[in-house]
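For reference, the structure discussed in these notes is given below.
Note that the coordinates shown come from a computational prediction; the quantities given were computed from them, not determined experimentally. Each chain gets a letter, A, B and so on, in the order the sequences are listed, and its residues count up from 1. What's counted below: heavy atoms across the whole structure, side chains too, no hydrogens, waters or symmetry copies.
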Protein chains: 2
Amino acid sequence: MPLIIDSIEKHVSLTPEEKELFASKLEIQQHKAKTILLSPGEICQYSYFVNSGVLRSFNINDNIVEHVLQFACKGWWIGDMYSLISQKPGNLFIEVLEDAELVLLSKENQEQLYTEIPKLERFFRILIENSLVAHQERLMDNLSLSAEERFDKFCKRYPDLMQKIPQKQIASYIGVTPEFFSKMKSRILKNKI
Amino acid sequence: MPLIIDSIEKHVSLTPEEKELFASKLEIQQHKAKTILLSPGEICQYSYFVNSGVLRSFNINDNIVEHVLQFACKGWWIGDMYSLISQKPGNLFIEVLEDAELVLLSKENQEQLYTEIPKLERFFRILIENSLVAHQERLMDNLSLSAEERFDKFCKRYPDLMQKIPQKQIASYIGVTPEFFSKMKSRILKNKI
DNA sequence: TTTTGTACTTAACCTAGGTTAAGAAAGCAT
DNA sequence: ATGCTTTCTTAACCTAGGTTAAGTACAAAA
């Protein structure tokens, strides 16, 4: 599994033995689109690394409205962080949007690796730092930008996702209804002409 | 500085020598309310731990509107994570809201400590994990809850802050204007009677 | 080929929250 | 006490985005 190793070695370098030890703790799974890997109420046991395909994490509030927390495509990690670290029942769905090959790292194996290969604890520290910064920026964007500006940023940040996923998912990610998203999109088109 | 050590030992235990090494890397500062510790465009050099007092981090968008990213009172860490890890100019102000005693840990010292005392890298990994979970929850709340529900959660989560800071700051944190916040507050009062 | 379901669009109408403006209250310094 | 500044309130009016509902366009089953 070269992709996951490569992505780690962008931040820390591993010896061949360390790579082997690491690889021995991983599990590979193939999943079809629409598969639900995790549902609210369940305890998240894995960090998922995406070799190919697209996943999303989202929740559903009382009104049956979905809200997307994260998309993950090739080279990204996804999971229910809250449930994973607390080992309590989570609030998120994790769903496969496009047929995917995933690398699974169980909570226990991850903890073991932290002590067996401290460089991996560093890697995950850095990974989570970057994720925190991204979430902080998205939070501030939601507080200060209009829907159109958020959409604009989304297009620039995830240009490849636009083709791959239904636009209602993007609407949900930027925090508007599919109807408003559609209205907004046609307004943008008109203004460009 | 017992508070910062205590807060670390809730997650990892340190030997007396490690505590001493750690303490030797810290700097203590007193600051009056209204002091600006960091402004947009500057590069953040420190993680700030709050011994006493209250701080906030916030940004200002084009329209001269402030948005609060975080409050920090006794026992909390604050900083501009984006600028700190990238060592690029940041977007945040960090301001003292109530006279404060702070413990400063410089970026270089923090990196040194990670290798000198790997347990500290673990501590900060856990700290950041928790921060990430909190930001994820706040993000989802902003997508799915009304202003009143967000205010409700804020009151429950930070009951002590209500007395300490001007309510316009709380309005800014939950993402509404001070005027609307005031209207909402009086509506809530009426409904309780 | 028809059916069925899901995604997308459009339009009329609605509301949570924003804007503007003016006054009241409360700190804080002189 | 007296002004000066900042915070808070209220009210009239406004708008971004939500809701409801109906219709269109596909794609997957059957």
Side-chain angles (χ1 to χ4, degrees), chain A residues 32-36 54 56 58 60-68 71 93 95-99 141-154 161-191 193, chain B residues 32-36 54 56 58 60-68 71 93 95-99 141-154 161-191 193:
Chain A
K32 288 268 161 211
K34 299 192 182 173
T35 308
I36 300 285
V54 183
R56 74 200 258 239
F58 66 101
I60 296 192
N61 71 9
D62 320 327
N63 314 322
I64 321 164
V65 181
E66 294 180 6
H67 292 281
V68 172
F71 295 111
F93 289 92
E95 183 195 18
V96 180
L97 290 180
E98 193 183 65
D99 293 3
D141 286 350
N142 280 330
L143 291 177
S144 60
L145 302 183
S146 68
E148 203 166 320
E149 290 169 318
R150 276 176 274 145
F151 176 46
D152 211 52
K153 278 194 108 169
F154 182 89
L161 270 180
M162 295 298 297
Q163 286 80 25
K164 291 192 176 182
I165 62 180
Q167 63 169 281
K168 59 179 279 201
Q169 310 277 12
I170 299 169
S172 166
Y173 182 92
I174 69 172
V176 297
T177 60
E179 295 86 356
F180 180 75
F181 188 87
S182 181
K183 177 158 64 173
M184 180 177 78
K185 220 183 61 174
S186 73
R187 189 178 60 211
I188 292 171
L189 278 177
K190 263 184 223 152
N191 289 344
I193 299 168
Chain B
K32 289 268 162 211
K34 299 194 182 173
T35 308
I36 301 284
V54 183
R56 73 199 259 241
F58 66 101
I60 296 192
N61 71 6
D62 321 326
N63 315 321
I64 321 164
V65 181
E66 295 179 5
H67 291 281
V68 173
F71 295 110
F93 288 93
E95 182 195 19
V96 180
L97 290 179
E98 193 183 66
D99 293 4
D141 286 350
N142 280 332
L143 290 177
S144 61
L145 302 183
S146 68
E148 203 166 320
E149 290 168 318
R150 276 176 274 146
F151 175 46
D152 210 53
K153 277 194 109 170
F154 181 88
L161 270 180
M162 296 297 299
Q163 287 80 27
K164 292 193 175 180
I165 62 180
Q167 61 169 283
K168 58 180 279 200
Q169 310 277 13
I170 299 170
S172 165
Y173 182 91
I174 68 172
V176 296
T177 59
E179 296 85 357
F180 180 76
F181 188 86
S182 181
K183 177 158 66 171
M184 179 176 79
K185 219 181 62 173
S186 73
R187 187 178 60 211
I188 292 172
L189 279 176
K190 263 184 221 151
N191 289 344
I193 299 168

Listing, residues 168-179 of chain A side-chain donor-acceptor contacts under 3.5 Å, not counting sequence neighbours, or none:
residue: A:Gln169; atom: OE1; partner: A:Arg56; partner atom: NE; Å: 3.0
residue: A:Gln169; atom: OE1; partner: A:Arg56; partner atom: NH2; Å: 3.1
residue: A:Ser172; atom: OG; partner: A:Glu66; partner atom: O; Å: 3.2
residue: A:Ser172; atom: OG; partner: A:Val68; partner atom: N; Å: 3.0
residue: A:Thr177; atom: OG1; partner: A:Phe180; partner atom: N; Å: 3.1

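- Closest approach of B:Leu145 and B:Arg150 over heavy atoms only: O-NE, 3.3 Å.
- Listed by chain and number, the residues in a side-chain hydrogen bond (donor to acceptor under 3.5 Å, both in side chains) with B:Ser146 are B:Glu149 (sequence neighbours excluded).
- Atoms CZ and CD1, on A:Phe151 and A:Ile188 in that order, are 5.5 Å from each other to the nearest 0.5 Å.
- Take A:Asp152 and apply the side-chain contact (heavy atoms from CB on, under 4.5 Å) test, not counting sequence neighbours, and it matches A:Lys156.
- Aromatic ring pairs are classed by plane angle as parallel below 30°, tilted from 30° to 60° and perpendicular above 60°; the pair A:Phe93 and A:Phe58 is parallel.
- If you take CG of A:Asn142 and P of D:dA16, they are 18 Å apart, rounded to a whole angstrom.
- By the 4.5 Å heavy-atom criterion applied to side chains, B:Lys34 and B:Val96 are not counted as neighbours.
- Between B:Leu143 atom CG and D:dG18 atom C1' the separation is 15 Å, expressed in whole Å.
- Residues from residues 145-153 of chain A placing a heavy atom under 4.0 Å of any atom in DNA chain C do not occur.
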Query raised in the report: Which parts of nucleotides 23-30 of chain C does protein reach within less than 4.0 Å, heavy atoms only, written one letter per nucleotide 5' to 3' as B for base, S for sugar-phosphate only and - for none?
Result: --------
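- Taking atom CD of A:Glu66 as the reference point, atom C1' of D:dG18 lies 17 Å away to the nearest angstrom.
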Report task. Would you sort out whether A:Leu97 and A:Lys164 count as a side chain to side chain contact (heavy atoms under 4.5 Å, CB included), showing the intermediate values? Result -> CA-CA 9 Å; A:Leu97 290 180; A:Lys164 291 192 176 182; over 6 Å; no
Output a table of nitrogen or oxygen pairs between the protein and nucleotides 22-25 of chain D separated by less than 3.5 Å.
none

Query raised in the report: Going through the checks in order, is the side chain to side chain contact (heavy atoms under 4.5 Å, CB included) test met by B:Val65 and B:Ile60?
Result: CA-CA 5 Å; B:Val65 181; B:Ile60 296 192; over 6 Å; no
Please list each protein N or O that sits under 3.5 Å from an N or O in nucleotides 8-10 of chain D, with the distance.
residue: D:dC8; atom: OP1; partner: B:Gln167; partner atom: N; Å: 2.9
residue: D:dC8; atom: OP2; partner: B:Gln167; partner atom: N; Å: 3.4
residue: D:dC8; atom: OP2; partner: B:Lys168; partner atom: N; Å: 3.1
residue: D:dC8; atom: O3'; partner: B:Gln167; partner atom: NE2; Å: 3.4
residue: D:dT9; atom: OP1; partner: B:Lys185; partner atom: NZ; Å: 3.1
residue: D:dT9; atom: OP2; partner: B:Gln167; partner atom: OE1; Å: 3.2
residue: D:dT9; atom: OP2; partner: B:Gln167; partner atom: NE2; Å: 3.0
residue: D:dT9; atom: OP2; partner: B:Ser182; partner atom: OG; Å: 3.0
residue: D:dT9; atom: O5'; partner: B:Ser182; partner atom: OG; Å: 3.2

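- Not counting sequence neighbours, the partners of A:Lys32 by the salt bridge (Lys or Arg N to Asp or Glu O under 4.0 Å) test are A:Asp99.
- In terms of the salt bridge (Lys or Arg N to Asp or Glu O under 4.0 Å) criterion, residue partners of A:Lys153 (sequence neighbours excluded) are, by chain and number, A:Glu137, A:Asp141.
- B:Met184 has its CE atom 10 Å from the C1' atom of C:dG17, to the nearest Å.
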Requested in this report: Determine, step by step, whether B:Met184 and B:Phe181 satisfy the side chain to side chain contact (heavy atoms under 4.5 Å, CB included) criterion, reporting the C-alpha distance in whole Å, the side-chain angles of both residues, the deciding distance to 0.1 Å, and the verdict.
Outcome: CA-CA 5 Å; B:Met184 179 176 79; B:Phe181 188 86; 3.9 Å; yes
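- Taking five base pairs at each end of the helix from C:dT1-D:dA30 to C:dT30-D:dA1 and finding the rotation axis that steps the C1' atoms of four pairs onto the next four gives two axes whose angle is 50°, to the nearest 10°.
- Side-chain contact between B:His67 and B:Asn61 is present, with at least one heavy-atom pair separated by less than 4.5 Å.
- Residues satisfying the side-chain hydrogen bond (donor to acceptor under 3.5 Å, both in side chains) criterion with A:Gln167, sequence neighbours excluded, are absent altogether.
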